[in-house]
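Residue numbers start from 1 in every chain, and the chains themselves are labelled A, B, ... in the order their sequence lines are given, proteins ahead of strands.
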Amino acid sequence: MMNCASSPGSYSQSSLDSQDSSSSMSAPSPMSVTASPHPYQNILVLTPDQVVAELPYLRIIEQPVEKFRFRYKSEMMGTHGSILGRSSDRNRKKTYPTVELRNYDGPAIIRCSLYTTHQVMGERMPHTHRLVVRADNEDKDDPHDFAVSPEVGYRAVFQGMGIIHTAKKHIMDELVKKKRVRLLETLRARNVNITSLTTKDEIKIRSEAEAEAKRMNLNSVCLCFEAFVRENGVLKPICDPVYSSPINNMKSALTGELKICRIDKHVSSCLGNEEVFILVEKVGKKNIRIKFFELDDEDNEVWCDYGKFSELDVHHQYAIVFRTPPYRDTEIDKTVDVFLQLYRPTDGDCSEPIKFAYKPSDKTGRAARKRQRTSLTDEIPLPVALAQPTSNPLLASFVPPSQASPSVDQPNSEGSDLFEDILNECPNNGMNSSEFKEFMKNLSISSLVSTYVETFDANELLGDGDLPLDFCTMDISTDGSSKLTVTKRTTPLSRDPGIDATVAAKLSHVSKDDTQMQPRNCVQKETSMDGEQLAKWAVARLNELLLEKPPKHVLASKVHEIFGKKKDDGDGPLHCAILYDMKDLLKQMFTVLGKGQYRPIIDDRNLKDETPLHLAVMQNQHETVKTLLTIGANPNIITKQGDLPLHLAVSASHNECISELLRYNSSRDCNLTNYNGCTPLHIAAREKNLIAVMKLVNAGADVNKEDTLLGRTVLHVAVEEGCVDIARYLLEKTNIDVNAANYAGNTALHGAVVFEGPESRELCRLLLQYKANPRQENYILEGDGDVEFCTEVEIKEEPESEDDFDDEYQLRIAEGETEDEAINSKARGQTSLDLATNKKDILALLQKVVPAEVEEMVEIKEEPSDTPILEGVLGEVKNGLFDSETLMRLCDILDKSGGWQHLAELLDYKFLVTSIRSTASPSKLLFNYADLHGNVSIQDIRSFLEALDEHEAVEAVDLMLARRIASSSQIS
DNA sequence: TGTCATTTCCC
DNA sequence: CGGGAAATGAC
């Protein structure tokens, strides 16, 4: 029926039949027909074709918005928003749901009322919610009638309507009320004299309402539009009603808007399984999925998969922690752009997609990617790429000027090398070096390239209308002046003409291999460049700038301008080059930025306040980290999460980066807590990274610093993680307070006792050995908050027994009881012994320590720190074993020969080998460990080195010893 | 007890 | 207006 009305073209005889014989709405009673002939009364004698022309119908001109907030009655004080038309524009023109009555003459009434979205009991029903219009501070309920006529036109615009969400408990009432009015009206349409409903009708309404109430979808409604003619005080339908598209309740998790508000990271390895956090608008954990998909250049979905998470990973309907699915190809050698969106299975609704990228896994190798980079299809010809001239498609098409330019400037040195290379590769150009340089200058190729990224307007360049956009190759020539001539060349692409010029231009640059053209970002063409583009763009501009050789101050300001260009997330070119690990580009940037005056660029922050250094650290690009630090990057900037680069390095166990950073971080910064309250040292322990712990301690990290969240020292954390080696190191080698209590009063020993795992015992033994006190009590849980909480609970639970006691009495009881409780539990806190009652072996261990023994152990503790006598003599000793010069020399030798591995074995540090192998200098870590661990002497090391035939190393050690002896004898 | 939906409140 | 969040209730 609805279709019939809204699309008159589809009318058929059968639809006429059904209309004639259908429900009450069509007023089929013979009486109404005879009583008042309708203008179209004679339709039955017309042929179907004629009917099409004649029959009145309603047409929805403007649909209502898809989402709207339904408000409860209690929130209807004041005005809120009204239902707008779907094509309403926020700031431009507001529209409203609008219908038009067609093929009708004379006055009519168009009515709007609230209906169910779907058939409830075989047909659509009035909805229990109320469609209200505010008039004189009163909410007038639906139906809303709108008078139309030839004079005012036949369009009914329904402005200012709101939806009142009837509370569950009132659903029945509302439904019954609406049904009554409706039925009465239909009855009166047949018989004006009817003024009330029969009991039978009432009962029927009630039972219907009851059934419907249960099945009614409270989060989705429709507008129902009807047309009537008023005759003798009653309304008679003119045609079938039409229904709007559904309006969904914006507040509901079932129909509310799906939205990704924030995301943790935008990149994952193509192997997937990387943890990502997203914050989302309200979702139901049982009804939400995270869809990854990829589009080809025609915007067809070519791949999709879903993030992995369980219901437990959906946090309070507002956040999801999931793992990325693997990309369809785990062997990719360059970053692939995909999209990510929320998907709601029940209604198939999706959020706006956001960009996400898959990067090659480390395993598939950087080398492979390197090779790929030189390929034509990927590389856009930038000046940078000119270093690999064979890969530059533009170059091949150049038509050299017939007469070489005679005047030659002395080129700057940077440009010179570049051009030299090109010349070597393109001997056929018939120009000497300086001629070619001049040629390039005139051609101004770099400006073309940069224009391309900025939004290259192909139409403008090519001459309006002259050439269509669907070309894919073009020749570029020059007549010797600085003018460019661009010629179209065949091969139409037959693409969507709506494609933006940027993409078309891009195609022209990569057109050597037609089969591989892959314009990306078609979907998001309006938004800014992606990271790779931005980095390339910046370097292109930089090179261009260098060619121009502007005066210094101009150069500086232009450089700032270039690096001031940001992506939406605040990442600048430098950030991007790091994120995508574009080493060549980075090098180019650094050569410019390294000049010293560009600190602000080097320390540029994105929207998360991450500097390039942060990103490099996160990506474990230690070379880049090193370079950044060398050229003056500030290692003491914190992100919005309160993280120093050092925190991030430690979090990710990127040990080389840690070392680099520690060279520049002051010891104060080593102890800085991030917004999780943790110092780098805490994080290192949490990551079970002994090496990092050692490095940090060596660099001056305070082992007794508490985390600000729970008041734990690094020892607490080590114990919590079951890290025996870290705990041992801390106890043996540092002055950590073994009995330090966290905010709950718990010592490390408390933690060791309750630790679930086989390490529990070893930890306890270790802690006890270093005079941990098993009788130290933790704090009793008390505090105003808890007491009050108790009080309220009491009050709530008690009243059953006595109905009539007054507030004061309640309060007194409550207070009394809490006091009692406090007294009871105040007895004492729990000791480690208390906690060990269900762990027999641990208990036995603890019980061995009688209070007296604790005293004794204090003395034992003093012993192990074998303060090197030499240290007092030789102030500059860093390592404790070797002076820095010797250490460097030894490391150099052993790193090269690989001898450090054997040495590690001989020193019983075999377990270290794997963890230090991949570091910049394993020997150094080995020696640091040896030093800190303290059970090795220089003589030991010397004899081991001798045994290993590391003669050079032995010599270095001897040299040092000789020097020491000499200097100490001098002193004495 | 925790989670989620419903309802009310408030800026 | 338009939005966020607390309070309450149901499971």
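- For the pair A:Arg323 and A:Phe309, the cation-pi test (distance below 6.0 Å, angle within 45°) is failed.
- The side chain of A:His80 has C:dG2 as its nearest neighbour among C:dC1, C:dG2, B:dT7.
- Each of A:Thr79 and A:Glu281 was matched to the nucleotide of DNA chain C holding its nearest heavy atom; the match closer to the 5' end belongs to A:Thr79.
- Remark: aromatic rings of A:Phe277 and A:Phe322 are distant, center separation not under 6.0 Å.
- In this entry the distance linking NZ of A:Lys169 with P of C:dA10 reads 9 Å, nearest Å.
- Look at CD on A:Gln159: it is 16 Å from C1' on C:dC1, rounded to the nearest Å.
- Within 4.0 Å (heavy atoms only), A:Lys251 reaches at least one base atom of the nucleic acid.
- Ring centers of A:His266 and A:Phe356: at least 6.0 Å apart, outside the cut-off.
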(message) Show, in sequence, the C-alpha distance, side-chain angles and deciding distance for A:Glu174 and A:Lys177, and conclude whether the salt bridge (charged side-chain N to carboxylate O under 4.0 Å, His left out) test is met.
(response) CA-CA 5 Å; A:Glu174 278 301 327; A:Lys177 197 164 85 191; 3.6 Å; yes
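- For A:Lys94 and C:dG2, the NZ to P distance is 6 Å, given to the nearest whole Å.
- A:Asn219 places its CG atom 13 Å from the C1' atom of B:dC4, with the value rounded to the nearest Å.
- Nucleic acid contact class of A:Lys282 (heavy atoms, under 4.0 Å, all strands): base.
- For the pair A:His315 NE2 and B:dT3 C1', the interatomic distance rounds to 12 Å; values are reported in whole Å.
- You won't find any donor-acceptor pair under 3.5 Å spanning the side chain of A:Gln317 and the base of B:dC4, going by distance alone.
- Rounded to whole angstrom, the span from the CD1 atom of A:Ile171 across to the P atom of B:dA5 amounts to 16 Å.
- When rounded to the nearest whole Å, the span between CZ of A:Arg71 and C1' of B:dC11 equals 12 Å.
- For A:Arg69 and C:dG2, a side-chain-to-base donor-acceptor distance below 3.5 Å is absent, hydrogens and geometry of angles not being considered.
- As rounded to whole Å, 12 Å separates atom P of B:dT8 from atom CD1 of A:Ile164.
- In this structure, A:Phe70 and A:His129 have perpendicular ring planes: the angle between them is above 60°, well past the 30° mark.
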